[in-house]
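Down below is the structure, laid out as structure tokens.
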Number of protein chains: 2
Amino acid sequence: MRTRDEHKASVIREKAISMIVNEGFDGMSMQKLAKSAGVSPATLYIYYRNREDMLEQLYEFVQTAFANAALKEFDPTMNFEKGLWVQWKNRMRFIEECPHYFRFFEQFRNSPQINRSSIGMVAFKDNMHQFVSNAVKRGEIRKVEPEIFWSLAYGSFYSLLKFHLQQRTMMNPDFKVTDAKMKQLLNMVVKSLKP
Amino acid sequence: MRTRDEHKASVIREKAISMIVNEGFDGMSMQKLAKSAGVSPATLYIYYRNREDMLEQLYEFVQTAFANAALKEFDPTMNFEKGLWVQWKNRMRFIEECPHYFRFFEQFRNSPQINRSSIGMVAFKDNMHQFVSNAVKRGEIRKVEPEIFWSLAYGSFYSLLKFHLQQRTMMNPDFKVTDAKMKQLLNMVVKSLKP
DNA sequence: AATATAAATGAATGTTCGTTCACTTTTGAG
DNA sequence: CTCAAAAGTGAACGAACATTCATTTATATT
């Protein structure tokens with residue numbers, strides 16, 4: 001029997017993501033996608049059950065890629081400041097390298113599409129839970145409710161990420177959030193979480 | 001001559017927003033909208049030049065409503081902690097009362113549609129600039145770059161807002177972010193900004 | 001009451017949508 | 001080399017799409 005062309009699969013995936021990032025969910029149609037990927041519309045239905053299944057799989061793919069990137073060289077036993085820095089750096093590098101993935105991710109997360117998709121991330125959340133409770137035990141940060149912690153440690157950082165991306169696409173293509181600026185924010189976040 | 005039915009106009013607006021919030025941009029079609037608002041498709045083109053113009057006007061409407069709500073009883077000469085609290089409280093109340101507006105706002109902001117729309121908010125930004133520089137002058141907070149300030153003072157709060165909304169729609173319809181929780185976050189943000 | 005004018009309409013336009021199907025091509029396993 | 005089976009196709013389906021237009025309806029002004 002014939003084997004699936006993995007190169008073709010990734011071309012379809014990338015074209016779909018670009019199309020959604022540039023034209024929105026309503027701008028990505030199966031026929032346009034087929035044309036832009038250089039395949040027959042019917043071929044798309046070999047890779048995906050239907051349009052909705054395709055969107056779900058794309059999200060799952062990007063989410064996994066992002067989570068894996070974020071946890072590179074991360075270890076939940078690291079001290080708090082170091083561990084958060086590693087993750088932030090990883091995330092920033094990821095959107096530096098794949099801005100369209102990040103935009104797709106954000107677009108999807110804020111759309112009703114997200115309600116029709118299952119959300120994984122279990123392993124990731126386990127990892128983070130350990131990381132935080134270790135830091136609390138060691139007295140590096142004080143114990144706060146999860147939503148407060150996430151808002152400070154990730155909400156503020158994501159805000160900086162988005163500012164980064166917006167600057168880069170809207171006005172200043174060379175714009176870059178420097179390590180110094182990230183460190184400054186990190187210090188302030190750590191200060192706010194001090195026991 | 002005949003006068004425009006303002007009630008009809010608002011029905012159309014609300015139905016359009018609900019439809020987008022529940023089914024996404026690709027789920028809102030002019031014909032479905034007309035049917036759900038109880039008007040002819042052609043009527044929509046009296047109120048809006050075309051679909052894109054409609055989306056832009058909806059966004060402008062919601063953005064203005066949100067900004068006005070946020071600034072109620074706010075004054076840029078307030079001390080920092082008080083001023084930030086007033087705004088946060090206002091914003092939280094707004095999404096309590098109009099969660100669909102907030103969801104529409106977020107969905108729009110994260111979509112490519114935003115690039116085709118003009119972004120106003122000039123008066124608002126002026127107001128905020130004064131507020132922050134007053135607080136710095138008075139020594140209530142230290143001077144930091146704008147993106148750092150926004151990330152901390154708004155990024156973290158928005159994160160809490162979104163958590164709020166997500167909880168409420170996904171699992172626990174009675175979920176409410178209490179004043180105590182907001183105050184806790186506020187204190188931590190203020191602490192991080194202390195000179 | 002008459003009239004001018006904008007609001008409002010329903011049916012129709014041509015286009016594009018997601019998806020299917022009968023068919024051809026390719027290729028790994030025997 | 002053979003051939004079963006999956007990959008891949010192009011044309012076609014009805015449905016839904018955004019938008020238009022010739023009319024009808026309502027009303028503020030006179």
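Residue numbers begin at 1 in each chain, while the letters A, B, ... track the order of the sequences.
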Return the nearest nucleotide to the side chain of A:R4; candidates are C:dC17, D:dA18, D:dG8. D:dG8
Which listed nucleotide (C:dT19, C:dC21, C:dT9) is nearest to the side chain of A:A42? C:dC21
Which whole-number value in Å describes the distance from A:F25 CZ to C:dG18 P? 13 Å
Is there a donor on the side chain of A:S40 or the base of D:dG8 sitting less than 3.5 Å from an acceptor on the other? no
Salt-bridge criterion met for B:R51 and A:D26 (N-O under 4.0 Å): yes
Less than 3.5 Å between a donor and an acceptor, one on the side chain of B:R2 and one on the base of C:dA6, is that the case here? no
Using whole Å, report how far OH of B:Y48 lies from C1' of D:dT20. 19 Å
For the pair made of CD in B:Q31 and C1' in D:dA15, what is the distance, rounded to whole Å? 10 Å
So, B:F102 versus B:F94, ring centres under 6.0 angstrom or not? no
Using atom CG of A:N50 as one end and atom P of C:dC17 as the other, report the distance to the nearest whole Å. 17 Å
Nearest to the side chain of A:R51, which nucleotide is it out of C:dT19, D:dT19, D:dC17? C:dT19
Phosphate-side-chain proximity, A:T3 and C:dG28, N/O vs OP1/OP2 below 4.0 Å: yes
Could you state the atom-to-atom distance from CD1 of B:I46 to P of D:dT20 in whole Å? 13 Å
Whole angstroms only, please: what is the CD-C1' distance between B:E6 and D:dA28? 15 Å
NZ of B:K35 versus P of D:dA18: gap in Å, rounded? 14 Å
Between A:E140 and A:K194, is there a salt bridge with N-O shorter than 4.0 Å? no
Run the ring-centre check on A:Y101 versus A:F105 and record whether the distance is less than 6.0 Å. no
Counting the benzene-type ring for Trp, do A:F25 and B:F25 have ring centres under 6.0 Å apart? no
Counting the atoms with a prime plus P, OP1 and OP2 as sugar-phosphate, which does A:T43 contact under 4.0 Å by heavy atoms, base, sugar-phosphate, or nothing? base
Measuring from the side chain of B:K8 (C-beta onward, heavy atoms only), which nucleotide among D:dA28, C:dT19, C:dA8 has the closest atom? C:dA8
How many Å lie between OH on A:Y47 and C1' on D:dA6, as a whole number? 11 Å
Contact class for A:M28 (heavy atom, under 4.0 Å): base, sugar-phosphate, or nothing? sugar-phosphate
